[in-house]
Amino acid sequence: MLTDVDHVGIAVEDLEAAVEHYRKAFGVEPTHRETVDDQGVEEVLFKVGTSYIQLLAATGPETPVGKFLAKRGEGVHHIGYRVADIREVLKHLKQIGVPLVDEEPRPGSRGTTVAFAHPKGFGGVLVELVQEP
Ligand code: CMX
Ligand code: CO
(Lines give C-alpha, C1' and ligand atoms only; values in the text may rest on other atoms or scores of the structure.)
(Ligands and ions follow the chains in the order given, each with its own letter.)
Protein backbone atom coordinates (compact mmCIF):
# COMPACT_ATOMS: atom_id res chain seq x y z
CA MET A 1 0.00 0.00 0.00
CA LEU A 2 2.93 2.36 0.69
CA THR A 3 5.08 3.44 -2.25
CA ASP A 4 7.62 5.65 -0.44
CA VAL A 5 8.31 7.73 2.63
CA ASP A 6 6.94 11.03 1.32
CA HIS A 7 8.26 13.23 4.10
CA VAL A 8 9.23 13.62 7.72
CA GLY A 9 7.42 16.57 9.34
CA ILE A 10 9.43 18.55 11.88
CA ALA A 11 7.85 21.22 14.09
CA VAL A 12 9.92 24.38 14.53
CA GLU A 13 9.38 27.66 16.39
CA ASP A 14 11.19 29.87 13.89
CA LEU A 15 10.91 28.77 10.26
CA GLU A 16 13.48 31.21 8.84
CA ALA A 17 16.06 30.24 11.48
CA ALA A 18 15.44 26.54 10.82
CA VAL A 19 15.78 26.99 7.03
CA GLU A 20 19.05 28.83 7.58
CA HIS A 21 20.30 26.07 9.85
CA TYR A 22 19.51 23.31 7.33
CA ARG A 23 21.14 25.39 4.58
CA LYS A 24 24.32 25.79 6.65
CA ALA A 25 24.34 22.22 7.95
CA PHE A 26 23.54 20.36 4.71
CA GLY A 27 23.93 22.87 1.87
CA VAL A 28 20.29 22.32 0.90
CA GLU A 29 17.93 24.88 -0.62
CA PRO A 30 14.17 24.87 -0.07
CA THR A 31 12.36 23.23 -3.00
CA HIS A 32 8.93 24.40 -1.94
CA ARG A 33 7.31 26.85 0.46
CA GLU A 34 3.61 27.08 1.18
CA THR A 35 1.10 28.19 3.80
CA VAL A 36 -1.65 25.59 4.17
CA ASP A 37 -4.39 27.46 6.05
CA ASP A 38 -6.52 24.34 6.39
CA GLN A 39 -3.69 22.70 8.40
CA GLY A 40 -2.58 25.84 10.23
CA VAL A 41 0.99 25.59 9.00
CA GLU A 42 3.60 27.42 7.03
CA GLU A 43 5.95 24.83 5.59
CA VAL A 44 9.23 24.52 3.76
CA LEU A 45 10.23 21.36 1.90
CA PHE A 46 13.77 20.17 1.23
CA LYS A 47 14.01 17.36 -1.31
CA VAL A 48 16.14 14.40 -0.20
CA GLY A 49 16.21 11.64 -2.83
CA THR A 50 12.57 10.86 -3.60
CA SER A 51 11.40 12.17 -0.20
CA TYR A 52 11.21 15.50 1.60
CA ILE A 53 12.08 17.01 4.92
CA GLN A 54 9.10 19.18 5.88
CA LEU A 55 9.81 22.02 8.31
CA LEU A 56 6.57 23.18 9.93
CA ALA A 57 5.79 26.42 11.73
CA ALA A 58 2.36 27.06 13.23
CA THR A 59 0.17 29.89 11.93
CA GLY A 60 -1.30 30.25 15.44
CA PRO A 61 -1.38 28.64 18.91
CA GLU A 62 -4.70 26.79 18.39
CA THR A 63 -3.42 24.71 15.47
CA PRO A 64 -2.08 21.12 15.57
CA VAL A 65 1.54 22.28 15.33
CA GLY A 66 0.96 25.26 17.69
CA LYS A 67 -0.42 22.93 20.36
CA PHE A 68 2.37 20.40 19.77
CA LEU A 69 5.06 23.08 20.20
CA ALA A 70 3.45 24.34 23.42
CA LYS A 71 3.11 20.85 24.86
CA ARG A 72 6.26 19.09 23.62
CA GLY A 73 8.52 21.70 22.06
CA GLU A 74 10.33 21.38 18.74
CA GLY A 75 10.88 17.97 17.20
CA VAL A 76 9.59 15.29 14.85
CA HIS A 77 5.85 15.86 14.43
CA HIS A 78 4.72 13.19 11.95
CA ILE A 79 5.76 10.83 9.20
CA GLY A 80 4.15 11.05 5.77
CA TYR A 81 3.79 7.87 3.69
CA ARG A 82 3.21 8.13 -0.05
CA VAL A 83 0.36 5.95 -1.27
CA ALA A 84 -1.09 5.22 -4.69
CA ASP A 85 -4.73 5.23 -3.62
CA ILE A 86 -5.46 7.19 -0.45
CA ARG A 87 -9.15 6.23 -0.31
CA GLU A 88 -8.31 2.53 -0.47
CA VAL A 89 -5.76 2.84 2.37
CA LEU A 90 -8.20 4.87 4.50
CA LYS A 91 -10.91 2.29 3.91
CA HIS A 92 -8.56 -0.51 4.93
CA LEU A 93 -7.33 1.27 8.09
CA LYS A 94 -10.93 1.95 9.11
CA GLN A 95 -11.84 -1.68 8.48
CA ILE A 96 -9.11 -2.96 10.81
CA GLY A 97 -10.03 -0.39 13.49
CA VAL A 98 -7.17 2.11 13.25
CA PRO A 99 -8.37 5.48 14.62
CA LEU A 100 -8.37 8.17 11.95
CA VAL A 101 -8.16 11.94 12.23
CA ASP A 102 -9.49 12.30 8.67
CA GLU A 103 -12.16 9.97 7.35
CA GLU A 104 -12.05 11.89 4.09
CA PRO A 105 -8.89 13.00 2.25
CA ARG A 106 -8.18 16.74 2.16
CA PRO A 107 -5.82 19.07 0.27
CA GLY A 108 -2.14 19.08 1.34
CA SER A 109 0.79 21.07 -0.04
CA ARG A 110 2.19 20.72 -3.59
CA GLY A 111 -1.30 19.85 -4.81
CA THR A 112 -1.25 16.56 -2.91
CA THR A 113 -4.20 14.89 -1.22
CA VAL A 114 -3.60 13.92 2.41
CA ALA A 115 -5.25 12.26 5.41
CA PHE A 116 -4.04 11.70 8.98
CA ALA A 117 -4.31 8.64 11.22
CA HIS A 118 -4.27 9.29 14.97
CA PRO A 119 -0.97 8.76 16.86
CA LYS A 120 -2.71 6.45 19.33
CA GLY A 121 -3.15 3.98 16.46
CA PHE A 122 0.56 3.90 15.63
CA GLY A 123 2.37 3.72 18.95
CA GLY A 124 2.46 7.49 19.47
CA VAL A 125 3.44 8.36 15.89
CA LEU A 126 1.17 10.70 13.93
CA VAL A 127 0.84 9.20 10.43
CA GLU A 128 -0.03 11.13 7.27
CA LEU A 129 -1.00 9.46 4.00
CA VAL A 130 0.00 11.41 0.89
CA GLN A 131 -1.24 10.89 -2.64
CA GLU A 132 0.54 12.84 -5.35
CA PRO A 133 -1.47 14.87 -7.88
N1 CMX B 1 2.63 13.05 17.49
C2 CMX B 1 2.39 12.19 18.51
N3 CMX B 1 1.48 12.41 19.48
C4 CMX B 1 0.80 13.57 19.41
C5 CMX B 1 0.99 14.51 18.40
C6 CMX B 1 1.95 14.22 17.41
N7 CMX B 1 2.19 15.05 16.40
N8 CMX B 1 0.16 15.56 18.61
C9 CMX B 1 -0.54 15.29 19.72
N10 CMX B 1 -0.15 14.10 20.22
C11 CMX B 1 -0.65 13.41 21.39
C12 CMX B 1 -0.77 14.32 22.57
O13 CMX B 1 0.48 14.45 23.23
C14 CMX B 1 -1.80 13.60 23.42
O15 CMX B 1 -1.20 12.54 24.11
P16 CMX B 1 -1.62 12.23 25.60
O17 CMX B 1 -3.07 11.89 25.54
O18 CMX B 1 -0.73 11.10 25.98
O19 CMX B 1 -1.35 13.50 26.36
C20 CMX B 1 -2.73 12.98 22.38
O21 CMX B 1 -1.97 12.96 21.15
C22 CMX B 1 -3.99 13.78 22.14
O23 CMX B 1 -3.59 15.09 22.13
P24 CMX B 1 -4.57 16.29 22.24
O25 CMX B 1 -3.81 17.45 22.73
O26 CMX B 1 -5.80 15.93 22.98
O27 CMX B 1 -5.01 16.46 20.79
P28 CMX B 1 -4.60 17.58 19.84
O29 CMX B 1 -5.69 18.55 19.88
O30 CMX B 1 -3.21 18.05 20.09
O31 CMX B 1 -4.66 16.80 18.47
C32 CMX B 1 -4.02 15.41 16.69
C33 CMX B 1 -3.77 15.78 18.14
C34 CMX B 1 -3.01 14.38 16.26
C35 CMX B 1 -5.43 14.83 16.54
C36 CMX B 1 -3.91 16.72 15.85
O37 CMX B 1 -2.60 17.21 15.97
C38 CMX B 1 -4.26 16.54 14.40
O39 CMX B 1 -5.42 16.56 14.02
N40 CMX B 1 -3.25 16.35 13.50
C41 CMX B 1 -3.47 16.17 12.08
C42 CMX B 1 -3.28 17.45 11.30
C43 CMX B 1 -1.88 18.03 11.44
O44 CMX B 1 -1.07 17.59 12.24
N45 CMX B 1 -1.59 19.06 10.60
C46 CMX B 1 -0.31 19.72 10.62
C47 CMX B 1 0.66 19.13 9.63
C48 CMX B 1 0.25 19.47 8.21
C49 CMX B 1 1.10 18.84 7.12
O50 CMX B 1 1.85 17.91 7.34
O51 CMX B 1 0.98 19.33 5.99
CO1 CO C 1 3.11 16.51 6.50
Side-chain angles (χ1 to χ4, degrees):
M1 274 182 261
L2 311 181
T3 61
D4 217 333
V5 172
D6 186 82
H7 64 272
V8 176
I10 300 172
V12 302
E13 294 281 1
D14 183 336
L15 191 58
E16 302 321 316
V19 166
E20 200 42 45
H21 182 64
Y22 275 73
R23 184 179 274 135
K24 251 196 225 151
F26 298 128
V28 288
E29 289 299 326
T31 41
H32 187 77
R33 183 185 276 267
E34 187 169 339
T35 299
V36 185
D37 287 319
D38 187 47
Q39 300 284 355
V41 295
E42 184 180 355
E43 67 169 67
V44 164
L45 296 174
F46 292 107
K47 197 149 206 266
V48 181
T50 54
S51 308
Y52 298 90
I53 295 294
Q54 180 186 54
L55 300 181
L56 295 162
T59 57
E62 289 304 314
T63 59
V65 173
K67 285 189 191 171
F68 180 91
L69 285 168
K71 203 167 173 182
R72 303 186 173 204
E74 294 185 309
V76 173
H77 181 260
H78 65 271
I79 182 149
Y81 293 112
R82 203 171 293 152
V83 300
D85 188 338
I86 196 165
R87 286 186 186 277
E88 274 304 307
V89 182
L90 277 177
K91 199 167 99 186
H92 170 71
L93 291 179
K94 199 176 174 183
Q95 243 163 26
I96 64 165
V98 171
L100 302 175
V101 173
D102 300 308
E103 300 251 332
E104 285 292 318
R106 48 176 166 159
S109 66
R110 306 188 288 122
T112 58
T113 304
V114 305
F116 285 85
H118 201 281
K120 71 185 176 205
F122 283 103
V125 178
L126 176 60
V127 167
E128 179 180 5
L129 306 173
V130 183
Q131 184 177 326
E132 300 216 272

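- In this structure, NE2 in His32 is found 13.0 Å from CZ in Phe46, a value given to the nearest 0.5 Å.
- Rounded to the nearest 0.5 angstrom, Glu88 CD and Met1 CE are separated by 9.0 Å.
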Start with the C-alpha gap between Gln54 and His78, add the side-chain angles, then the distance that decides, and say whether side-chain hydrogen bond (donor to acceptor under 3.5 Å, both in side chains) holds.
-> CA-CA 10 Å; Gln54 180 186 54; His78 65 271; 3.0 Å; yes
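- Side-chain N or O atoms of Glu74 include one that pairs as donor or acceptor with a backbone N or O of Glu13 at under 3.5 Å.
- Judged by distance alone, the side chains of His7 and Glu128 do bring a donor and an acceptor atom under 3.5 Å apart.
- In Tyr81, the OH atom is not crowded: 12 or fewer heavy atoms of neighbouring residues, nucleotides or ligands sit closer than 6.0 Å.
- Considering every non-hydrogen atom in both Pro133 and Gly111, the closest pair reads CB-O, 3.5 Å.
- Between Val41 and Thr63 the shortest side-chain heavy-atom distance does not fall below 4.5 Å.
- Side-chain contact between Arg82 and Thr3 is present, with at least one heavy-atom pair separated by less than 4.5 Å.
- Looking only at side-chain heavy atoms (C-beta outward), Arg33 and Val19 come within less than 4.5 Å of each other.
- Nearest heavy-atom pair across Gly108 and Glu34 is O-OE2, 4.2 Å.
- Follow the hydrophobic side-chain contacts under 4.5 Å out from Val76 and you reach Val12 in the same cluster.
- Annotation: side chain of Glu62 is in contact with side chain of Lys67 (closest heavy-atom distance under 4.5 Å).
- The two residues Lys47 and Tyr52 come nearest to each other via the heavy atoms CE-OH, 3.4 Å.
- Residues Val98 and Val127 fall within the same hydrophobic cluster, defined by Ile, Leu, Val, Met, Phe, Trp and Tyr side chains chained together at heavy-atom separations under 4.5 Å.
- Around the NE2 atom of His21, the shell of radius 6.0 Å holds no more than 12 heavy atoms that belong to other residues, nucleotides or ligands.
- The two residues Ala117 and Leu126 come nearest to each other via the heavy atoms O-CD1, 3.3 Å.
- Without hydrogens or angle criteria, Ser51 side chain to Val5 main chain gives a donor-acceptor distance under 3.5 Å.
- Using a 4.5 Å cut-off between side-chain heavy atoms of Ile, Leu, Val, Met, Phe, Trp and Tyr, with links allowed through other members, Val48 and Val44 fall into the same hydrophobic cluster.
- Nearest approach of Ala58 to Gly66, heavy atoms of both residues: CB-N, 3.4 Å.
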List the steps and the verdict of side chain to side chain contact (heavy atoms under 4.5 Å, CB included) for Ile10 and Tyr22.
-> CA-CA 12 Å; Ile10 300 172; Tyr22 275 73; 3.5 Å; yes
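- In the hydrophobic clustering of this structure, Leu55 groups with Val8; members are Ile, Leu, Val, Met, Phe, Trp, Tyr whose side-chain heavy atoms approach within less than 4.5 Å, directly or through other members.
- The main-chain N or O of Ile86 is found under 3.5 Å from a side-chain atom of Gln131 such that the two form a donor-acceptor pair.
- Using a 4.0 Å cut-off between charged nitrogen and carboxylate oxygen, Arg23 and Glu16 do not count as a salt-bridge pair.
- His77 and Pro64 make their closest contact through NE2-O, 4.2 Å (heavy atoms, listed as atom of the first residue, atom of the second, distance).
- Applying side chain to side chain contact (heavy atoms under 4.5 Å, CB included) to Leu129 and the options Leu90, Val114, Asp85 leaves one that passes, Leu90.
- Cluster membership for Val125 and Leu2, using ILVMFWY side-chain heavy atoms within less than 4.5 angstrom, is shared.
- Side-chain atoms of Arg110 do not come within 3.5 Å of backbone N or O of Leu45 as any donor-acceptor pair.
- Separation of atoms CG (Asp102) and OG1 (Thr113) is listed at 11.5 Å; rounding is to 0.5 Å.
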